[in-house]
Amino acid sequence: MEIELKNEIGLDPENWEDIRCLGYQMVDDMVEFLKSIREKPAWKEIPEEVKNTYKSKLPKYPSNINEVYEEFKKNIFEYSKGNVHPRFFSWVEGNGTAFGALSDFMASTMNSNVAIGNHSALYIENQVISWCKEMMGFSEQATGMLVSGASIANITSLIVARNAVCEKMKEDGLYSVGKKLVAYCSAETHNCVTKAIEVIGLGNKQLRKIEVNDKFEININSLINQIEQDKKDGMLPFCIIGNAGTVNTGAFDDLNSLLEITQAENMWLHIDGAFGALAKLVPEYQDRLKAIEEADSLAFDFHKWLYVNYEVACVLIKHPELHRKTYASPANYLLAHDRGLAAGPDAFSNYGMELSRGFKALKVWMSLKENGINKYKTLISQNIQQSRYLGQQVSKNEKLELIAEVSLNIVCFRYVNGQLNNAQLNELNKELVMRLHESGVATPSYTLLNGIYAIRVANTNHRTRKADLDIILKEILKIGDKLSVEFVKKIMFKSK
Ligand SMILES: *Cc1c(COP(=O)(O)O)cnc(C)c1O
């Protein structure tokens, strides 16, 4: 009996005009949202009743798309993180752009799976990678790929660095080495590097977190001594992870020295340049970041300091054979053909862990075309200048204290009052940050530097203007003064 197929269904709209109308509405809403972002609070708390809607059960039956969209607008769109706002300065996060959002929409319309095949997306990703190499002065022969973020870009590189140690790593794993592999980085290195070292089987004890100097840069002498000691102890130093812009303060390790050491010791130099590597576009930083050109691998984000919409980062690896050998794994269903859809460039799955991948390259490609690299250079310089201005204003004010030198685009400072000790100031400044967020005026973040709680303004924001920095300082002083009175009262009450 022939199989009968009745009442077949699909997911296309019954009426394409409905989706067209809603699509136009979405574009209108997007433009209104971004155009008037400055008038909105930088952040607002999600009310309980809205949070409760996030707990509704799995939908069983269809809903009207207009109703779904209305619910999105009311309960989701309204409570975004705010990293599109001109006074968002938390962690290190970019704003995205309107054109970037539209290019994501078109990438999603194509819905290309950029793993394998003979189609435009693979070629465009390769083109973007070539642009990355050009931008960073990185070796032309290098291979690379776009990944979701610097965390994945870092681990993608460190796996290649590990496999480069020993021919048999792929077959026998770490057992093939016969010695403990040791990696080195500064104590200020991002925790995704620690996680990577743990996940690739080395164990975080084998990641030496070398002390930093007063500029939060790796102490080169301590590094050299530690490598010597480890060699004496029968271990195998194999990799240094250098920072081009630490997450806490934006510090640059002395990359030229790190390069010399790795070359002398036959080690791998990986650079975590999540946001800071982009400073290489600015003439003033070119010398300090020259070593990037010679590094074995480099990780950096597009979604931070190139302001591209989340999520997209780049990893570049100088050694094509080692890179490919690490990740290529033969499979009959992935064999390249000579012609047809299964021809095309070398599959990206030969260069990383992911098989199915979205067309992240399109928003990068469109954004770089829209603006041209020179505009990004200007914007990055602008963010650096703005940060210096903020640092200057902080230094000038006796109620404020700069906690770290402004080496790039991050300003760490705190509100001070001579009557309070460090622990009390830590508490005060933490409360200050929470109240500032709740005020909706601005959203800086925070960090601990040598036991000092610092308000941390990280500026990778293309919407920020000088006036925004003045507003944030004014509000910090206002809240600080109020808290100061409260805190001093509390101590006097306690001491009675
Ligand atoms: C943000 C950051 C990372 C992690 O990058 P993601 O894109 O969030 O995965 C790593 N290193 C540094 C220095 C960072 O600032």
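All figures in this text were calculated on a predicted structure; none of them were measured in a lab. In each ligand, atom 1 is the first atom listed, and ligand 1 is the first ligand listed.
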Quiz item: Can you list every side chain to side chain donor-acceptor pair (under 3.5 Å) pair that touches residues 350-359, not counting sequence neighbours?
Solution: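 Pairs touching residues 350-359 that pass the test: Asn113-Ser356, Glu125-Arg357, Asp346-Asn350, Asp346-Tyr351.
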Quiz item: Applying side chain to side chain donor-acceptor pair (under 3.5 Å), which residue pairs with at least one partner in residues 235-251 are found, sequence neighbours left out?
Solution: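 Residue pairs passing side chain to side chain donor-acceptor pair (under 3.5 Å), neighbours aside: Ser186-Asn243, Glu188-Asn248, Thr189-Asn243, Asn243-Asp253, Thr246-Thr249, Asn248-Thr447.
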May I have a table of the N/O to N/O pairs between ligand 1 and the protein that fall below 3.5 Å, each row giving the two atom names and the distance to 0.1 Å?
from     : atom 1 : to     : atom 2 : distance (Å)
ligand 1 : 5 (O)  : Asp301 : OD2    : 3.4
ligand 1 : 5 (O)  : Lys304 : NZ     : 3.4
ligand 1 : 7 (O)  : Ala150 : N      : 2.9
ligand 1 : 7 (O)  : Asp301 : OD1    : 2.9
ligand 1 : 7 (O)  : Asp301 : OD2    : 2.9
ligand 1 : 7 (O)  : His303 : NE2    : 2.9
ligand 1 : 9 (O)  : Ala150 : N      : 3.3
ligand 1 : 9 (O)  : Ser151 : N      : 2.9
ligand 1 : 9 (O)  : Ser151 : OG     : 2.6
ligand 1 : 11 (N) : Asp272 : OD1    : 3.3
ligand 1 : 11 (N) : Asp272 : OD2    : 2.6
ligand 1 : 15 (O) : Lys304 : NZ     : 3.0

Quiz item: What about the rings of Phe33 and Phe77, do their centers lie closer together than 6.0 Å?
Solution: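 Ring-ring flag for Phe33/Phe77: true, centres closer than 6.0 Å.
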Quiz item: Regarding Lys430 and the six-membered ring of Tyr446, is the cationic atom NZ or CZ under 6.0 Å from the ring centre and inside 45° of its axis?
Solution: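 Not satisfied by the 6.0 Å and 45° rule.
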Scan the side chains in residues 193-202 for donor-acceptor partners under 3.5 Å anywhere in the protein, sequence neighbours excluded, and list what turns up.
from   : atom 1 : to     : atom 2 : distance (Å)
Thr194 : OG1    : Lys209 : NZ     : 3.0
Glu198 : OE2    : Asn204 : ND2    : 2.6

Quiz item: Side chains of Trp91 and Asn83: do they bring a donor and an acceptor to under 3.5 Å?
Solution: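 On atom types as modelled, these side chains do not qualify, holding no pair under 3.5 Å.
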